[in-house]
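Since we're looking at a predicted model, the values are computed, not measured. Chain letters run A, B, ... following the sequence lines, proteins first and then strands; every chain starts at 1. As a basis for the values below, the full set of heavy atoms in this structure was taken, side chains included, without hydrogen atoms, waters or symmetry mates.
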There are 2 protein chains.
Amino acid sequence: MSGGEESGTRGLHGTGAVAFSTRGEYGVRFMVALARMDHGNPVSLTEIAEVEDLPRAYLEQIVGSLRDAGIVDSARGAHGGYRLARPANEVRMGDVLRALEGPIVPMACLEGDGSACSKTGSCSVVQLWSRVRDSVSEALDSFTLADLAVPGAPITLKGR
Amino acid sequence: MSGGEESGTRGLHGTGAVAFSTRGEYGVRFMVALARMDHGNPVSLTEIAEVEDLPRAYLEQIVGSLRDAGIVDSARGAHGGYRLARPANEVRMGDVLRALEGPIVPMACLEGDGSACSKTGSCSVVQLWSRVRDSVSEALDSFTLADLAVPGAPITLKGR
DNA sequence: CTCAAACCTGATGGATCCAGTCGGAAATCA
DNA sequence: TGATTTCCGACTGGATCCATCAGGTTTGAG
């Protein structure tokens with residue numbers, strides 16, 4: 001760890017590997033806020049952007065991905081807004097993050113059908129990346145939106 | 001623009017979240033190659049760069065991180081090169097990748113001691129990111145370099 | 001019908017960081 | 001001494017991504 005002085009540079013998200021972008025962060029915060037505020041009527045984007053202190057125009061574009069994935073429903077017009085397409089306890093966080101960030105692919109050789117790497121079969125390293133990918137998916141899918149939307153309750157993790 | 005692919009340009013890694021950079025890829029390939037070629041004498045960087053078809057100058061800078069982390073030993077001068085600092089079955093891939101890519105931090109609020117996020121305690125989402133981080137670390141540490149250096153043997157995964 | 005609120009789309013700029021190169025200094029062996 | 005190889009710092013070009021803005025479309029309320 002000799003180079004590890006970190007230099008304290010700002011720029012969020014600068015440090016660390018295996019990182020999600022702000023798309024993932026903002027999108028998740030939107031979903032949690034929506035789950036808390038959704039009492040049947042659509043909740044406007046402007047309202048959520050204010051509560052969570054997020055840039056409205058940018059959030060608009062992020063939420064589009066969630067809508068296309070069928071995770072939220074939108075209602076246009078006056079008094080329109082967004083609603084959960086399913087109950088919060090049926091929304092897996094893995095689905096949310098895959099919609100926001102695209103497929104979980106720790107290394108290029110796993111992209112698509114795996115045809116990117118010519119050494120398939122003779123390459124033992126691909127086992128490592130596959131396992132990482134599956135672990136991340138499992139971790140994300142072990143949470144539902146309901147787990148995160150309830151503020152006080154500590155989460156009961158299954159397994160370990 | 002940017003059309004020219006020649007001289008083996010690498011511009012991959014475009015797609016997917018939670019991705020490692022080429023630092024991680026090249027570094028791991030270096031380690032696997034070194035484990036196979038290490039018979040007691042130091043192996044020169046140039047030799048490995050040729051076998052794995054990696055840019056030598058860039059690899060040089062990557063291997064510096066492995067050296068600083070105490071994962072490989074270097075010998076300077078003529079007939080110098082690199083050796084494993086420990087037997088391959090005692091080298092966890094998590095150590096290798098942390099040395100190459102820095103800490104595994106899926107979201108900015110987990111950086112350092114966690115002081116980056118002011119809502120610590122009241123934020124339930126941090127549980128999700130923590131779990132992802134731990135899952136990745138576990139997956140990486142469940143492999144040793146020896147698992148990857150043996151070419152033919154398929155890896156016996158514990159669990160699942 | 002008219003108006004306003006909200007959603008939707010596309011284009012655009014700026015900052016950051018990655019990937020790769022280059023040249024030279026220090027160290028070791030023959 | 002001279003050849004070989006690691007080591008170190010600086011530099012650059014390009015890609016990616018965050019974020020914003022403007023304009024258009026749809027819908028519901030009065």
Whole-Å gap separating C1' (C/dA27) and CG (B/Leu45) = 16 Å
Side-chain N,O (B/Ser21) to OP1/OP2 (C/dA19) below 4.0 Å | yes
Regarding the side chain of B/Tyr58, the nearest nucleotide among D/dC7, C/dA19, D/dA29 is C/dA19
Do A/Leu84 and A/Val91 have side chains that get closer than 4.5 Å, going by heavy atoms?
-> no
A/Ala57 has a side chain; which of D/dC21, D/dC8, C/dA30 sits nearest to it?
-> D/dC21
So which nucleotide from D/dC18, D/dT6, C/dT21 ends up closest to the side chain of B/Ser44?
-> D/dT6
Starting at the 5' end of DNA chain D and moving along, which residue's nearest nucleotide shows up first, B/Ala78 or B/Ser74?
-> B/Ala78
Are B/Tyr26 and C/dG20 close enough that a side-chain N or O sits under 4.0 Å from OP1 or OP2?
-> yes
Has the side chain of B/Glu60 got a donor or acceptor atom sitting under 3.5 Å from an opposite partner on the base of D/dC8?
-> yes
Pick base, sugar-phosphate or nothing for A/Gly64, based on heavy-atom distances below 4.0 Å to the nucleic acid.
-> nothing
Against the side chain of B/Tyr82, the closest entry in C/dA19, C/dC7, D/dT6 is D/dT6
Atom of B/Arg83, atom of B/Gly40 and distance for their closest heavy-atom approach | CD-O, 3.2 Å
In whole angstrom, give the distance that lies between atom CZ of A/Arg56 and atom P of C/dC8.
-> 12 Å
From CG of B/Asp53 across to C1' of C/dA19 the rounded distance in Å is 15 Å
Could you tell me the separation between the CG atom of B/Leu66 and the C1' atom of D/dT6, rounded to a whole number of Å?
-> 14 Å
Which word best sums up how the rings of A/Phe30 and A/Tyr82 line up, parallel for under 30°, tilted for 30 to 60°, or perpendicular for over 60°?
-> perpendicular
To the nearest angstrom, how far is A/Leu59 atom CG from D/dC21 atom C1'?
-> 16 Å
For the atom pair CG (A/Leu140) and CZ (A/Arg98), what is the distance rounded to the nearest 0.5 Å?
-> 7.0 Å
In whole angstrom, what separates A/Arg76's CZ from C/dC3's P?
-> 21 Å
Between A/Glu25 (CD) and D/dC18 (C1'), how many Å, whole number?
-> 12 Å
Heavy-atom closest pair, residues A/Pro42 and A/Gly80 = CB-C, 3.7 Å
Could you tell me the separation between the CG atom of A/Leu100 and the C1' atom of D/dC17, rounded to a whole number of Å?
-> 15 Å
Upstream residue (5' side of DNA chain C) when A/Gln61 and A/Arg67 are each assigned their closest nucleotide = A/Arg67
